[in-house]
2 protein chains.
Amino acid sequence: MAPPRLPLNALRAFEATARLGSMSAAAGELGVTHGAVSRHVRELEAQFGLSLLRRQPKSVVPTPGGAQLASCLGEAFDLMRLGVSRLAPSPLTLSCSATIAMNWLIPRLGGFKRDNPDVEVRLNINYGEVDFVRDEISVAIRSSMFRAPQDVVIRPLLREDIGPVCHPDYAARLGLSVPEDLARARILGTATRPAAWREWLEVIGHPDLLLDAQETYDHFYLLIQAAASGLGMAMAPRIVAIDAIARGHLVAPFGFTPGPHELSLWIAPHLRARSDVKRLVAWIQADMIASS
Amino acid sequence: MAPPRLPLNALRAFEATARLGSMSAAAGELGVTHGAVSRHVRELEAQFGLSLLRRQPKSVVPTPGGAQLASCLGEAFDLMRLGVSRLAPSPLTLSCSATIAMNWLIPRLGGFKRDNPDVEVRLNINYGEVDFVRDEISVAIRSSMFRAPQDVVIRPLLREDIGPVCHPDYAARLGLSVPEDLARARILGTATRPAAWREWLEVIGHPDLLLDAQETYDHFYLLIQAAASGLGMAMAPRIVAIDAIARGHLVAPFGFTPGPHELSLWIAPHLRARSDVKRLVAWIQADMIASS
DNA sequence: GCCGCCTGTGAGTTTTCCTGACAGGTCCAT
DNA sequence: ATGGACCTGTCAGGAAAACTCACAGGCGGC
């Protein structure tokens with residue numbers, strides 16, 4: 001008969017219990033209920049034929065043997081974690097447009113780093129096509145304007161709500177109340193989304209209105225900054241304007257309307273099960289929803 | 001979001017695979033199928049987002065990262081095993097009668113030690129009542145003549161087949177063919193089982209025959225040896241005579257008949273889940289059945 | 001006394017793990 | 001070539017482990 005396999009999960013539960021001096025605390029650390037921990041410890045005691053913990057009213061104390069075992073186990077688990085962490089993982093790289101990066105991601109990234117101090121996020125500022133392997137991209141935030149590569153895991157984030165934005169004083173000065181009033185405004189555009197104003201006019205039901213960009217910026221984020229500086233009206237997705245609106249740098253006199261595009265997460269298929277990838281994805285999804 | 005729990009079972013499967021250079025070998029060591037190991041390894045690779053093994057036609061070779069991880073894991077598991085083995089277990093103690101010990105157990109004990117080199121078995125030569133705690137007994141072989149203590153785990157072994165035995169030459173000289181012929185034999189008895197002959201006569205359907213012990217030994221094993229020396233007929237359970245019969249030291253001219261008692265294993269309840277206890281119990285059960 | 005905090009335990013359920021069977025691949029011997 | 005031995009990969013289905021939920025009981029503090 002072969003030597004019995006070590007009951008690894010039970011050993012982990014016991015180690016945490018001995019270290020924390022409490023089954024409930026160990027259960028919290030392991031993300032299970034106290035009952036599960038209690039069972040694991042009893043299973044070990046039965047298997048070894050001796051008691052590992054002295055039960056006390058408000059806590060548990062390892063017996064001498066239990067303490068020695070716990071210390072061995074602690075070292076062993078540390079060693080495992082060390083080995084796993086040494087696995088030279090390719091860095092976690094998030095690709096998104098400069099606009100999203102500046103107006104949504106970077107201001108919120110501190111929160112992710114606070115919750116996940118051990119995860120390092122590299123940014124890749126880009127939009128459009130992605131080569132996950134060549135550029136070592138783990139996750140990309142992309143608009144549905146672009147086609148995802150084959151095999152990529154896609155998680156829809158949100159439909160882009162779009163609307164005109166400008167500086168609050170600018171809006172007040174022009175007295176905007178209906179879309180037609182925009183004829184009085186200076187219309188700002190961007191080279192990367194030449195159809196932006198046309199798309200908006202269509203979704204709000206004024207396809208007849210003609211608003212042509214009187215000034216065109218090379219980059220979307222320059223456009224946003226121009227609008228925030230009071231230089232005119234920009235057509236912007238809510239997600240990139242929301243912070244500026246909250247700070248009072250921008251207003252959206254006509255609100256936002258669901259636009260023709262949506263934002264998605266593209267996840268490198270070979271990395272989709274990696275824990276840091278999963279954590280980043282979960283965080284982006286949650287924070288995107290929270291800020292929409 | 002909490003840091004992910006280490007997938008311990010998968011890590012163990014990978015460690016064995018890397019050490020043995022083969023999933024099938026690892027599966028053998030762990031007592032599972034190769035499919036299970038394959039899944040575990042793939043799960044790890046997915047979770048870490050990198051490949052741990054280079055697949056080759058007839059084997060697998062750890063990648064550099066995989067080799068480093070495997071070495072860490074190997075140390076960690078060794079440490080765990082060490083910690084567990086240090087748990088000062090009470091010694092494994094088997095209690096049985098001197099007769100069983102001499103005529104059945106000890107000749108077979110080598111086989112158990114060969115299959116379980118890491119298990120040390122202490123013997124407690126005794127019969128009748130057992131105090132598992134005071135005498136630190138783990139397992140006892142006992143006859144149903146005795147009452148087991150409360151709470152003991154009982155595993156029936158076999159019904160005692162009993163019959164008269166003597167030296168082959170002695171049987172030939174007397175020309176025994178029917179029980180009545182035993183009147184010509186010298187009847188040997190033992191103080192510990194004074195009713196042995198009577199019980200046999202009853203189970204073979206000759207309650208009328210009267211065979212009284214003409215010589216009585218203090219111990220059963222002395223009785224067996226006396227019979228094997230040609231001093232007369234002894235009433236013996238098959239299980240204690242079987243080896244002497246096989247070696248030609250004894251014969252059972254009337255065979256063996258199911259007797260009124262049976263042999264059982266009594267297992268100390270607080271030790272019943274201990275792996276060495278379970279292995280000893282399994283071995284005794286298997287070998288008892290094999291030799292009956 | 002009552003309440004809060006701990007652990008123990010049972011039934012029932014979810015999740016994990018494993019099996020068993022098959023497929024594809026390489027190497028070796030025939 | 002061709003068949004056999006021996007790997008690994010994969011899938012559906014089933015056994016076993018793990019977990020949850022709910023309740024019970026003990027102890028200490030307010």
Side-chain angles (χ1 to χ4, degrees), chain A residues 2 4-48 50-63 66 70 77 151 269-270 272-273 275 278, chain B residues 2 4-48 50-63 66 70 77 151 269-270 272-273 275 278:
Chain A
R5 277 188 284 171
L6 291 173
L8 296 178
N9 292 322
L11 289 172
R12 169 165 53 191
F14 168 69
E15 190 275 334
T17 303
R19 173 161 41 79
L20 301 172
S22 149
M23 293 198 188
S24 301
E29 174 174 303
L30 297 173
V32 298
T33 57
H34 77 268
V37 174
S38 172
R39 290 170 173 282
H40 275 312
V41 173
R42 313 199 99 250
E43 177 197 336
L44 280 190
E45 293 185 319
Q47 186 156 341
F48 298 148
L50 50 83
S51 128
L52 296 170
L53 295 175
R54 232 183 35 243
R55 271 72 168 176
Q56 292 186 327
K58 310 278 290 183
S59 66
V60 294
V61 179
T63 61
F77 285 123
D151 292 333
H270 64 291
R272 69 174 180 280
S275 77
K278 292 201 288 191
Chain B
R5 278 187 284 173
L6 292 173
L8 296 177
N9 291 323
L11 288 172
R12 169 164 55 190
F14 168 70
E15 190 275 335
T17 303
R19 173 162 41 80
L20 301 171
S22 150
M23 293 197 187
S24 300
E29 175 175 301
L30 296 173
V32 299
T33 56
H34 77 269
V37 175
S38 173
R39 295 176 81 84
H40 276 311
V41 173
R42 310 195 98 252
E43 178 197 335
L44 280 189
E45 293 185 320
Q47 186 156 344
F48 298 148
L50 49 84
S51 130
L52 297 169
L53 296 175
R54 231 182 36 243
R55 271 72 169 178
Q56 292 186 325
K58 309 279 288 185
S59 66
V60 293
V61 180
T63 62
F77 285 122
D151 292 333
H270 64 289
R272 70 174 179 280
S275 77
K278 292 201 287 193

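Within every chain, numbering begins at 1; the chains are lettered A, B, ... in the order of the sequence lines, protein sequences first and strands thereafter.
- Between the CD atom of B:Glu29 and the P atom of C:dC18 there is a distance of 14 Å, rounded to whole Å.
- One interatomic measurement links the two molecules: CG of B:Leu30 to C1' of C:dC17, which rounds to 13 Å at whole-angstrom precision.
- A donor-acceptor pair under 3.5 Å links the side-chain atoms of B:Thr17 to the main chain of B:Ala13, judged by distance alone.
- Looking at residues two or more places apart in sequence or on another chain, you find no salt bridge (Lys or Arg N to Asp or Glu O under 4.0 Å) involving B:Arg12.
- For B:Thr63 (side chain) and B:Ser51 (main-chain N/O), a donor-acceptor pair under 3.5 Å exists by modelled atom type.
- Other residues, nucleotides and ligands contribute at most 12 non-hydrogen atoms within 6.0 Å of the CZ atom of B:Arg272.
- One distance of note links CG of B:Leu44 with CZ of B:Arg39; it measures 13.5 Å at 0.5 Å rounding.
- If you measure from atom CD of B:Glu43 to atom P of D:dC11, you get 15 Å, rounded to the nearest angstrom.
- Rounding to the nearest 0.5 angstrom, the gap separating the CZ atom in A:Arg19 from the CZ atom in A:Phe14 is 11.5 Å.
- Phosphate contact (OP1/OP2 of D:dA17, side-chain N/O of A:Arg5, threshold under 4.0 Å): absent.
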Could you write out each protein N or O paired with an N or O of nucleotides 2-9 of chain C at a distance under 3.5 Å?
unit_1: C:dT7; atom_1: OP1; unit_2: A:Met23; atom_2: N; d: 2.8
unit_1: C:dT7; atom_1: OP2; unit_2: A:Ser24; atom_2: N; d: 2.9
unit_1: C:dT7; atom_1: OP2; unit_2: A:Ser24; atom_2: OG; d: 2.6
unit_1: C:dG8; atom_1: OP1; unit_2: A:Arg55; atom_2: NE; d: 2.5
unit_1: C:dG8; atom_1: OP1; unit_2: A:Arg55; atom_2: NH2; d: 3.2
unit_1: C:dG8; atom_1: OP2; unit_2: A:Ser38; atom_2: OG; d: 3.0
unit_1: C:dG8; atom_1: O6; unit_2: A:His34; atom_2: NE2; d: 2.9
unit_1: C:dT9; atom_1: OP2; unit_2: A:Arg42; atom_2: NE; d: 2.9
unit_1: C:dT9; atom_1: OP2; unit_2: A:Arg42; atom_2: NH1; d: 3.1
unit_1: C:dT9; atom_1: OP2; unit_2: A:Arg42; atom_2: NH2; d: 3.3

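- At C:dT16, none of the side-chain N or O atoms of B:Asn9 fall inside 4.0 Å of OP1 or OP2 (strictly under the cut-off).
- Across the protein-nucleic acid pair, B:Leu52 atom CG and D:dT8 atom P stand 15 Å apart, rounded to whole Å.
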